[in-house]
Amino acid sequence: MSDTKKELETLFQELEYSDYKWIDPESIVVSQWVRMKCRFGCPEYGKTAACPPQVPSIAECERFFQEYSVAAVFHFAKVMERPEDRNEWTKGISEGLLELERRVFISGYRKAFLLYLDSCHICSTCSGSEKPCFLPKQARPTPEALGVDVFATVRQIGYPIEVLSDYDQTMNRYAFLLIE
C-alpha cells in the first residue's frame, strides 16, 4: 500500500491538496447517534438524494467501509464572514474533490469514492428526495449521512474539531476519499 500512497500523494499535490492524512477505514467511527442527529436536527433530512433516509442503513455503511483498505481525510479550515457563504465555499471544494476522485479512479483505483465535507450543493436547486437526482454522477453523501462520527474519527488522527458557538470561529471541515 505504500506505493499506492506515494502515487496518490503525487496526484494530491498536483491538484493542490496538501492538508490530508491517511486512515485505515476500519478505524472510521460509525454510530447510530449520528444518523439520529441527521433525522432530528438537520433541515436537509429527507430533502436530497444524498441524505438520509435515501442512503444505506448504518449496518450497510459499516460494511461499506470494510471494503476499503485506505482512506484519505482532507481538512479544510475557514472562518465565514457571512453564514450564507458556506454553501458556495463547500460547493467549490466538492467540485474540486470530485475531480480528484475521478483522477484517482482513472489511475486504476476503480472503487474510489468521495464523501463530501458538507451536504451536496452541486446543483443550485436540488431535485429533492422524491425525484431522480439531476446530477447522479456527482452526488455524494457526507460522512455524517453514512453515520460517521467525524469528531471521533478525525480526533484519533490528530485533526482539530470543535462544536462552534459563533461564526467568527474557525470551522474545521473534513472530506473522506475511500480508496482500494
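Keep in mind that what you see is a predicted model, and the values were worked out from it rather than measured. Side-chain atoms are counted along with the backbone in the values below, which use heavy atoms only and exclude waters and symmetry mates. Along the sequence shown, residues carry numbers from 1.
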Nearest 0.5 Å please: distance from the CD atom of Q169 over to the CG atom of L164. 5.0 Å
Would you please test M171 and V79 for side chain to side chain contact (heavy atoms under 4.5 Å, CB included) and show each step? CA-CA 6 Å; M171 182 173 41; V79 173; over 6 Å; no
Is the distance between the ring centroids of F12 and W22 under 6.0 Å? yes
So which heavy atom on L117 is nearest to which on R173, and how close? O-NH2, 2.7 Å
Basic-acidic side-chain contact under 4.0 Å: R155, E162: yes
Smallest separation among heavy atoms of P25 and F65, with atom names: CB-O, 3.3 Å
Rounded to the nearest 0.5 Å, what's the gap from OG1 on T170 to CE on M80? Could you check? 10.5 Å
Do Y45 and Q54 have a side chain donor and acceptor closer than 3.5 Å? no
Out of curiosity, does Y116 fall in the hydrophobic cluster containing F105 (side-chain heavy atoms, cut-off under 4.5 Å, transitive links)? no
Less than 4.0 Å between a side-chain N and a carboxylate O, is that true for D3 and K6? no
Whether R35 and E144 form a salt bridge (side-chain N of Lys/Arg under 4.0 Å from carboxylate O of Asp/Glu) is what I want to check. no
Between E99 and R102, is there a salt bridge with N-O shorter than 4.0 Å? yes
A145 to C51 - nearest heavy-atom pair and separation: CB-CA, 4.5 Å
What distance do I179 atom CD1 and S69 atom OG have between them, rounded to the nearest 0.5 Å? 8.5 Å
Supply the atom-to-atom distance L100 CG to F74 CZ, rounded to the nearest 0.5 angstrom. 5.0 Å
Would a 4.5 Å heavy-atom cut-off, applied to side chains only, mark N172 and F76 as touching? no
State, yes or no, whether a side-chain contact exists between Y17 and L11 at a heavy-atom distance under 4.5 Å. no
With a sphere of 6.0 Å drawn around CD of E88, does it hold more than 12 non-hydrogen atoms of other residues, nucleotides or ligands? no
Between D24 and Y68, is the side chain to side chain contact (heavy atoms under 4.5 Å, CB included) condition met? List the steps. CA-CA 8 Å; D24 180 341; Y68 288 87; over 6 Å; no
Please check if atom CD in E16 has more than 12 non-hydrogen atoms from other residues, nucleotides or ligands closer than 6.0 Å. no
Are more than 12 heavy atoms, taken from residues, nucleotides or ligands other than K111, located less than 6.0 Å from that residue's NZ atom? yes
Is the shortest distance from a Lys or Arg side-chain nitrogen in R110 or E180 to a carboxylate oxygen in the other one below 4.0 Å? no
Quick check, are the ring centers of F113 and F176 under 6.0 angstrom apart? no
Quick check: are there more than 12 heavy atoms from other residues, nucleotides or ligands sitting under 6.0 Å from CD of E26? no
V30 vs D149, test: side chain to side chain contact (heavy atoms under 4.5 Å, CB included). Steps then yes/no. CA-CA 6 Å; V30 179; D149 180 340; over 6 Å; no
Any L177 side-chain heavy atom under 4.5 Å of Y20 side chain: no
Can you see which heavy atom on G41 is nearest to which on P43, and at what distance? O-CD, 3.6 Å
Would V34 and F151 show up in the same hydrophobic cluster when neighbours are defined by side-chain heavy atoms closer than 4.5 Å? no
Nearest-0.5 Å distance, CD of residue Q156 to NZ of residue K21: 11.0 Å
Is there a path of hydrophobic side-chain contacts, each under 4.5 Å between heavy atoms, that joins M36 and L146? no
Side chain to side chain donor-acceptor pair (under 3.5 Å), that's the test. Do E7 and T4 meet it? Break it down for me. CA-CA 5 Å; E7 176 185 352; T4 296; 5.5 Å; no
Heavy-atom closest pair, residues Q32 and I58: OE1-CG1, 3.1 Å
How many angstroms lie between CG in D118 and CG in L115, if you round to the nearest 0.5 Å? 13.0 Å
L114 and E101: which non-hydrogen atoms are nearest, and at how many Å? N-OE2, 2.8 Å
From CA spacing to verdict: ring pair (Phe, Tyr, Trp, His ring centres under 6.0 Å), Y159, Y174: CA-CA 9 Å; Y159 270 133; Y174 299 93; 5.2 Å; yes
Please determine, by modelled atom types, if E60 and S57 share a side-chain donor-acceptor pair under 3.5 angstrom. yes
V29-V55 co-clustered via ILVMFWY side chain contacts under 4.5 Å: no
